[in-house]
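The block underneath contains the structure these notes are about, expressed in C-alpha cells.
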Protein chains: 2
Amino acid sequence: MDETTEVGRLGAEHRELLGQVLDKWSLEVLDRLCERPRRFNELRRAIPEVTQKSLTATLRRLERNGMVERDIVSTRPVGVEYRIAPLGKTLQDLIDALLQWSAARLPEVQRARDRFDAAEG
Amino acid sequence: MDETTEVGRLGAEHRELLGQVLDKWSLEVLDRLCERPRRFNELRRAIPEVTQKSLTATLRRLERNGMVERDIVSTRPVGVEYRIAPLGKTLQDLIDALLQWSAARLPEVQRARDRFDAAEG
DNA sequence: CTGTATCCAGTTAGATACTG
DNA sequence: CAGTATCTAACTGGATACAG
C-alpha cells in the first residue's frame with residue numbers, strides 16, 4: 001500500500017457514531033446522567049440553552065444508540081426518567097477528559113483565535 | 001444552590017470549542033496530522049469522502065483554534081503543508097481514545113440500534 | 001497544487017401552539 | 001410533565017467553475 005492511496009483508519013460508520021455521541025448537546029446530557037438519573041425538565045433546567053425540541057432529539061438519539069435508558073413513571077401527569085445505560089457508562093471517563101481538556105485549554109485557544117483574527121484582517 | 005436551579009458545568013464557550021474540535025472531519029484530520037505533516041491533497045486522499053470545500057473549512061477552523069499550523073512551500077505551483085500545533089498535540093491521546101472507543105463499541109451500538117428500530121415499529 | 005466563488009438542494013434549529 | 005406538530009429562518013454541504 002503506497003502513500004498516495006492510503007486511507008484513514010476511521011470509516012464512515014465510526015464517523016457517524018462519534019458524530020451522534022459527541023454532538024452539541026450529547027456530551028453535556030451524558031455528563032449529567034452519569035451523576036444520577038434525571039427527569040426531562042430537570043435536564044432542561046441543567047442545560048438552559050437547549051430547546052425542548054433539541055433535547056428530545058438528543059435523548060432519542062442517545063437512547064437509540066444504547067447510551068441512555070428511558071423509564072416511564074406512571075404518575076399523573078406521567079414522568080419520564082432518563083438514566084445512563086451500561087454502554088453510555090463506558091464513555092464516562094472520555095467525557096470527563098474532554099470537559100477537563102476544554103476547561104484547561106480554552107484560554108490558549110482564545111489567544112490563538114485572537115492572533116488568527118488579527119493577522120487575517 | 002438548590003437542585004431546581006442547578007446548571008451545567010459546561011458553558012457555551014466550552015460547547016463551542018468542543019464543537020469546533022470534535023466535528024465531523026476534525027477528528028480524522030487531527031489524527032492524520034498527529035502522524036506527520038501532510039499536504040492538502042494528501043489529506044484529501046486519506047479521507048476520500050471529504051469535499052475540497054469542507055476540508056478547507058475544517059483546516060481553517062483548526063488553524064484558527066491553534067490546533068494546526070500552515071506552511072506555504074514556495075514551489076511552482078505552490079504547496080501547502082499542514083502540521084499539528086503544540087495545542088493540537090495536547091488532544092492526541094484523547095483522539096486516540098475516542099477512535100479506540102468507537103472501534104471497540106460499534107458492534108454493541110449496532111445491536112442497540114437494531115433493538116430500538118425493531119421496538120418502535 | 002491549493003484554493004475561492006457561486007448556486008442550490010437539503011438539513012437543522014428556534015418559536016409557537018397544541019396534546020395525553 | 002413530557003412531549004408532538006408546524007412553520008420558517010439559518011446554516012450546511014455538494015457540484016461546478018475559475019484563479020494565483
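In what follows, chains are A, B, ... by sequence order, proteins preceding strands, each numbered from 1. Just so we're clear, the structure is a prediction, and the values are computed from it rather than from any experiment.
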> Which heavy-atom pair separates A:L55 from A:R44 by the least distance, and what is that distance?
Replying inline: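 For A:L55 and A:R44, the tightest heavy-atom pair comes out as CD2-CG, 3.4 Å.
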>> Closest-nucleotide mapping onto DNA chain C: is A:Q52 or A:P77 further toward the 5' terminus? I mean the 5' end.
In response: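 Taking each residue's closest nucleotide, the earlier one in sequence belongs to A:Q52.
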Go through the structure and list residues passing side-chain hydrogen bond (donor to acceptor under 3.5 Å, both in side chains) with [X], not counting sequence neighbours.
X: B:E108; answer: B:R105
X: A:T58; answer: none
X: B:Q92; answer: B:K89
X: B:D71; answer: B:R83

For [N], does OP1 or OP2 lie under 4.0 Å from any side-chain N or O of [X]?
X: B:R76; N: C:dC1; value: no
X: A:R39; N: D:dG3; value: no
X: A:R70; N: D:dG3; value: yes
X: B:T51; N: D:dG14; value: yes
X: B:Y82; N: C:dG3; value: yes

> Out of D:dG20, D:dG3, C:dG20, which has the shortest distance to the side chain of B:V78?
Replying inline: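 My answer, after comparing the listed nucleotides, is D:dG20.
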>> What's the closest nucleotide to the side chain of A:N41 if the choices are C:dG3, C:dG14, D:dC1?
In response: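 For A:N41, the side-chain atoms sit closest to D:dC1.
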> Do any of residues 53-69 of chain B sit with a heavy atom less than 4.0 Å from DNA chain D, and if so which?
Replying inline: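 Those residues are B:K53, B:S54.
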>> Quick test of your reading: applying side chain to side chain donor-acceptor pair (under 3.5 Å), list the pairs with at least one residue in residues 73-82 of chain A, sequence neighbours left out, ordered by first then second residue.
In response: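 The answer is A:R70-A:Y82.
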> Could you state the CZ-C1' distance from A:R38 to D:dC1, rounded to the nearest angstrom?
Replying inline: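 It is 17 Å, rounded to the nearest whole Å.
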